[in-house]
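Notes for the one structure printed next.
Residue indices begin at 1 and follow the sequence shown. Just follow the structure's listing: the first ligand is 1, and inside any ligand the first atom is 1.
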Amino acid sequence: MAQRQAGETSMFGRALFFVIAILTCSRTATAEEVTLKAISAFTEKTTYSRGLERFIERVNEAGKGVVQINYIGGPKAMPPFEVGNALKTGVVDLANTTGAFYTNLMPEADAWKLTQRSMAELRKNGGYDYMARLYLQKMNAILLARVVDNNPFHLYLNKRITGLDLTGLKLRITPVYRDFFQALGATVVQTAPGEVYTALERGVVDGYGWPITGVFDLAWNEKTKYRVDPGFYSAEVSILINKVVWDKLNDQQKAVLNKAAEQGEADISEFAAENAKETQRQAAAGIETIKFDPAVAKAYYDKAYETGWAGVIRQSPEHGPKLREFFSKPK
Ligand code: 173
């Protein structure tokens with residue numbers, strides 16, 4: 001009797017096991033929708049968050065029932081210089097930021113500004129793969145898409161200059177501009193973009209580094225007299241994903257993200273028109289251009305790259321020289 005009962009229980013147990021096994025299998029096969037948390041180091045709905053915002057629209061459209069993104073927002077949610085660490089440690093799953101904002105974790109990331117080859121080329125010539133290894137090691141991350149490129153930086157001023165000497169000027173910087181502006185004699189102070197307006201208004205700085213686009217986003221045009229030409233480098237903003245989060249996604253979820261990333265990187269082609277439009281808009285707003293003679297302009301431009309690479313190599317003697325080979329234009 002006791003034996004029969006035991007037998008019945010074990011048959012029941014086995015049946016239950018199969019039911020659970022089938023349910024579990026079918027759950028994995030259809031996989032639940034995953035929601036990822038995203039943050040931007042730039043203010044929401046401004047130039048340098050647009051790449052992420054488009055990415056989110058694409059993923060949320062194509063990824064219904066598969067993968068969705070919850071946009072936490074910009075610097076109101078988290079200080080820009082902390083976004084890299086939040087991504088690395090998994091506080092957020094996706095981040096829109098620029099290399100200069102997480103040089104504390106990965107100094108090499110600031111080298112993106114020095115690329116003279118397109119992302120398409122870098123994905124073929126090994127440059128992207130080289131960086132990808134560093135992103136894994138130092139950031140616990142994958143760079144899904146560079147969404148800003150072909151977008152030069154400029155020096156914006158409230159005092160006129162006539163040559164390459166910036167002695168006596170105090171300039172707002174990030175690591176992007178530090179070595180270059182200091183080499184020209186400037187005193188520098190690092191701030192997040194959100195502090196630039198007040199710094200200009202109070203006369204704490206005489207100018208700032210920023211790309212050709214986005215000056216109007218936070219109303220800096222109200223406090224800017226001059227833009228120095230030529231521009232230099234190529235601004236980089238990219239969408240990163242935490243590696244542990246990525247590894248947990250299934251193929252279908254990864255495919256949705258990869259497709260949106262590919263589209264985002266292709267959108268870089270829109271910057272040429274954007275740059276031209278913003279140059280005109282600055283002129284119309286009364287921002288005067290300080291233009292150097294061709295020889296001085298060349299010296300200025302060359303100095304930007306020379307000091308930029310020297311800075312990257314100083315901070316990363318191991319990887320800097322290799323990145324220079326991958327990133328520089330063919331001689
Ligand atoms: O000036 C900055 O804050 C900066 O480094 C940057 C980088 C990429 C895009 C816009 C700004």
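Given atom 6 (C) of ligand 1, the protein heavy atom at minimum distance is Phe153 CE2, 4.0 Å. Given atom 10 (C) of ligand 1, the protein heavy atom at minimum distance is Pro211 CG, 3.6 Å. For atom 3 (O) of ligand 1, the nearest protein heavy atom (residue, atom name, distance) is Arg172 NH2, 2.9 Å. Of the protein's non-hydrogen atoms, the one nearest atom 11 (C) of ligand 1 is Trp210 CZ3, 3.5 Å. The protein heavy-atom contact nearest to atom 5 (O) of ligand 1 is Thr174 OG1, 2.8 Å.
A side-chain donor-acceptor contact under 3.5 Å links Asp149 and Ser234.
Classification of the Phe326-Tyr130 ring pair by plane angle, with boundaries at 30° and 60°, yields tilted. The aromatic rings of Tyr48 and Phe42 lie tilted to each other, with the angle between the two planes from 30° to 60°.
Near Gly209, the atoms of ligand 1 lying under 4.0 angstrom from a non-hydrogen atom of the residue are 1 (O). Contact atoms of ligand 1 toward Val176: 5 (O) (distance under 4.0 Å to a heavy atom of the residue). Interface atoms of ligand 1 facing Pro193, defined by a heavy-atom separation under 4.0 Å, are 3 (O).
For Tyr156 and Tyr208, the ring centers are positioned less than 6.0 Å apart. For Tyr233 and Tyr305, the gap between ring centers is short of 6.0 Å.
Only the side chain of Phe42 comes within 4.0 Å of ligand 1, judged by heavy-atom distances. No part of Lys113 comes within 4.0 Å of ligand 1, judged by heavy-atom distances.
Taking 4.5 Å as the limit, every side-chain heavy atom of Trp112 sits out of range of all side-chain heavy atoms of Leu323.
In this structure, Arg117 is not positioned above the aromatic face of Phe327 in the sense of NZ or CZ being under 6.0 Å from the six-membered ring centre and within 45° of the axis.
In this structure, of Thr98, Thr47, Thr213, the residue bringing a heavy atom nearest to atom 8 (C) of ligand 1 is Thr98.
Here's the thing with Tyr48: none of its N/O atoms is less than 3.5 angstrom from an N/O atom of ligand 1. Considering backbone and side-chain atoms alike, Glu236 places every N or O at 3.5 Å or more from each N or O of ligand 1.
The closest approach between any non-hydrogen atom of Tyr177 and ligand 1 is below 4.0 Å.
Scanning both residues, Gln282 and Ile212, for their nearest heavy atoms gives NE2-O, 3.0 Å.
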Do any side-chain atoms of residues 180-192 form donor-acceptor pairs under 3.5 angstrom with protein atoms, and if so which ones, sequence neighbours left out?
residue : atom : partner : partner atom : Å
Gln190  : OE1  : Arg178  : NH2          : 3.0
Thr191  : OG1  : Arg172  : NE           : 3.3

